[in-house]
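Below is one structure, written out as structure tokens; comments come after it.
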Amino acid sequence: MEIPLARYQSRRLDEIRDSSSNPKVFNFPRKFSLRGRRWKNPFGRISCSSVVQGLKPKPKLKPEPIRIEVEESKDQVFDDTQIRKSGVRICSQIEKLVLCNRFREAFELFEILEIRCSFKVGVSTYDALVEACIRLKSIRCVKRVYGFMMSNGFEPEKYMMNRILLMHVKCGMIIDARRLFDEMPERNLFSYNSIISGFVNFGNYVEAFDLFKMMWEELSDCETHTFAVMLRASAGLGSVYVGKQLHVCALKLGVVDNTFVSCGLIDMYSKCGDIEDARCAFEIMPEKTTVAWNNIIAGYALHGYSEEALCLLYEMRDSGVAMDQFTLSIMIRISTRLAKLELTKQAHASLIRSGFESEIVANTALVDFYSKWGRVDTARYVFDKLPRKNIISWNALMGGYANHGRGTDAVRLFEKMIAAKVAPNHVTFLAVLSACAYSGLSEQGWEIFLSMSEVHGIKPRAMHYACMIELLGRDGLLDEAIAFIRRAPLKTTVNMWAALLNACRMQGNLELGRVVAEKLYGMGPEKLGNYVVLYNMYNSMGKTAEAAGVLETLESKGLSMLPACTWVEVGDQTHSFLSGDRFDSYNETVKREIYQKVDELMEEIYEYGYLAEEKNLLPDVDEKEEERVGRYHSEKLAIAYGLVNTPEWNPLQITQNHRICKDCHKVVEFISLITGREMVVRDASRFHHFKEGKCSCGGYW
């Protein structure tokens, strides 16, 4: 029934209110007059109907947990039907939990099945439990599940047998896996692939090849995955002959164009040292993937062809193939060898842009690079940003602190690593002991050295003993160093005697230095550095006949002393300099500018109190060359060129193929003082970080 609205247009508000008690009247006035009772505040009686009626907001829906529908009571006795229904419910819940990746909760339910062995479990439940074991990689869970299967009389078919075999392989139970494999009544390609992959992953390559031959005889078939795995085994053995046989088999079966096989061939040839065949396998690929590019670039870098690897890296970039975190990691390693700071900065920026700033492999390579090339603070920044750190990350930063003479920082980092419950290895102790030796931290060094075997159970090696010998030599305890070498429970090495020889050089003990140099010469006659050290030792003592004999021995061996060479990076280019005037790659204008800059620097440092060294004891360069080109050593030329061609705020990065001499070391200290420039010099001994007239080595190198 329609109610005319005109009926309410002439009624007062109080009349409308009184009529509201009558449920038959529809009180919805469109217009009303306020001529009757007037309210002081007409909105004062407005209220929320939800509050009046006592209503509450609708609660938010929460995810309902998976309920374990097991009716259990202490006094309740189940009949067979109830037990069967309860077992079915538990099995169903286990499968659901595994499907939701809640593996540990699934094993909590599995305990009920273990207690009540009367439950009948289906194949799907066993399959779910096997998947949970594989994902958890728990040997204990594998033993529980497999034991339950055997006690319940479960007889698996081929599919479940392969799954059980894979479970043992993935969880590292390779011996049990081989026993199961031998007991299998029927085997297929999946069975062979599982067990072969397991042996390859465990490094048992010979056993993997025996299984491969057995598979070939039994099935006369092979998959591309199998070839890829066996190529890894060939690379592990380092046998290019076996790898070529696999290559021939792949050609006959027509699977050589498969991406996995092609990448395996590149990797195998690279690791076996046949880089040319690796390049051929790469070039014939119909489609070159990111993995293929990574393998060939890593192969060239592995064998020292850093320049060629860098060219391939540029080709990869120009081809439009996407670079992943492994590509950037390889780029950083190449930059570390070539001292390409700008290239590393590009790789670092690419890591951030690509979202790999938390990726551990590439960022650890960054820490290693910045630590090795004078950017230790930047290395620490990258290290601190890593959400997860492995032992390689800790060692890289600790080694950086050691190389730059920041022994206190290295010891603090070592203590922080121990507090974080990261187990150190022999590389860790080499880094921290080197830091103590370079910085003269005797007390901390001996404490850490003794803790190796007593606390951490690591037997010290020859390189650790060499650090302690250098620490004794730095303190001037040469007799104690000799006694320490004689008491060492291992065969003395070249590094141990070289550390003592360096101590003799720095302490000025010429007589003991001659004895140690001859001992070192007898241990490693084919090492050029030993000849150079011995030659300079004889010259320093005035024994010209003995020095001439060293030169004759060098000539008879077909060896010659290398000229002192220094490199400096300007922009993205590396410039090399030889001592004297032998740098023909520069025009006369550039040469004149470099010599003029050296002369200006020498005049300035003379005003600051510089006095030239009259004699340099045991520098690793030819003494005649030093006398002929005394004023223009290669270090001075490189620094002069860098100062002229780089902005004032840019630190100089210098690399040498020889140990810096005392005179040049003093010169660089003065130059860093008068110019205000930071300079990082990496010589044949260690890093020298010059800043404000001081060097990180503390005058001992």
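This one's a predicted model, so the numbers in the text were calculated from it and none came from an experiment.
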Do the ring planes of [X] and [Y] sit parallel (below 30°), tilted (30 to 60°) or perpendicular (above 60°)?
X      : Y      : value
Tyr305 : His303 : tilted
Phe110 : Phe107 : perpendicular
His348 : Tyr370 : tilted

For [X] and [Y], test the side chains for any donor-to-acceptor distance below 3.5 angstrom and give the result as yes or no.
X      : Y      : answer
Asp127 : Ser124 : no
Thr125 : Glu95  : yes
His168 : Tyr146 : no
Thr259 : Thr289 : no
Arg232 : Asn201 : yes
Tyr401 : Arg412 : no
Asn193 : Glu223 : yes
Ser191 : Asn188 : yes

Met331 vs Ile297, test: side chain to side chain contact (heavy atoms under 4.5 Å, CB included). Steps then yes/no. CA-CA 9 Å; Met331 181 189 300; Ile297 294 171; over 6 Å; no
Stepwise side chain to side chain contact (heavy atoms under 4.5 Å, CB included) test for Phe103 and Leu97: CA-CA 7 Å; Phe103 308 114; Leu97 288 169; over 6 Å; no
Checking the side chain of [X] only, and the main-chain atoms of [Y] only, is there a donor and an acceptor separated by less than 3.5 Å?
X      : Y      : answer
Thr290 : Ala322 : yes
Ser92  : Arg89  : no
Ser262 : Val256 : yes
Ser354 : Ser350 : yes
Asp274 : Val240 : no
Ser197 : Ser194 : no
Asn363 : Phe356 : yes

Under the salt bridge (charged side-chain N to carboxylate O under 4.0 Å, His left out) definition, can you give me all pairs with a residue in residues 318-340, not counting sequence neighbours? none
Could you name each residue pair satisfying salt bridge (charged side-chain N to carboxylate O under 4.0 Å, His left out) that touches residues 360-380, not counting sequence neighbours? Asp368-Lys372, Asp377-Arg406, Arg380-Asp384
Taking [atom1] in [X] as the centre, count heavy atoms belonging to other residues, nucleotides or ligands within less than 6.0 Å. Is the count above 12?
X      : atom1 : value
Ile175 : CD1   : no
Glu283 : CD    : yes
Leu189 : CG    : yes
Glu183 : CD    : yes
Phe260 : CZ    : no
Tyr381 : OH    : no

How about [X] and [Y]: do any of their side-chain heavy atoms sit closer than 4.5 Å?
X      : Y      : result
Met285 : Ile266 : yes
Lys288 : Val321 : no
Glu207 : Arg178 : yes
Val361 : Gln325 : no
Leu341 : Ser335 : no
Leu397 : Lys389 : no
Thr226 : Tyr192 : no
Ser234 : Leu237 : no

Please report the shortest heavy-atom distance between [X] and [Y], naming the atom on each side.
X      : Y      : answer
Phe148 : Leu113 : CE1-O, 3.3 Å
Ala410 : Val432 : O-CG2, 4.2 Å
Cys171 : Val142 : SG-CG2, 3.5 Å
Leu433 : Cys467 : CB-CB, 3.9 Å
Ala402 : Ala431 : CB-O, 3.4 Å

Whether [Y] and [X] form a salt bridge (side-chain N of Lys/Arg under 4.0 Å from carboxylate O of Asp/Glu) is what I want to check.
X      : Y      : value
Glu108 : Arg104 : no
Lys213 : Glu217 : no
Glu218 : Arg187 : yes

Reported [atom1]-to-[atom2] distance for the pair [X] and [Y], which is rounded to 0.5 angstrom:
X      : Y      : atom1 : atom2 : value
Leu246 : Leu251 : CG    : CG    : 11.0 Å
Asp277 : Phe282 : CG    : CZ    : 15.0 Å
Phe414 : Ile418 : CZ    : CD1   : 4.0 Å
Asn295 : Asp267 : CG    : CG    : 5.0 Å
Lys170 : Leu165 : NZ    : CG    : 11.5 Å
Met268 : Met230 : CE    : CE    : 11.5 Å

Test Tyr269 against every option in Lys244, His247, Arg279 by the side chain to side chain donor-acceptor pair (under 3.5 Å) rule and name the one that passes. His247
Does the pair Leu338 and Leu310 meet the rule for a side chain to side chain contact (heavy atoms under 4.5 Å, CB included), with working shown? CA-CA 10 Å; Leu338 298 177; Leu310 187 60; 4.0 Å; yes
Where do Met463 and Thr493 land on the side chain to side chain contact (heavy atoms under 4.5 Å, CB included) test, with the steps shown first? CA-CA 9 Å; Met463 53 189 175; Thr493 62; over 6 Å; no
I want to know whether His456 and Phe429 have ring centres closer than 6.0 Å. yes
Flag the pair Phe154 / Tyr126 as yes when their ring centroid distance falls below 6.0 Å, and as no otherwise. yes
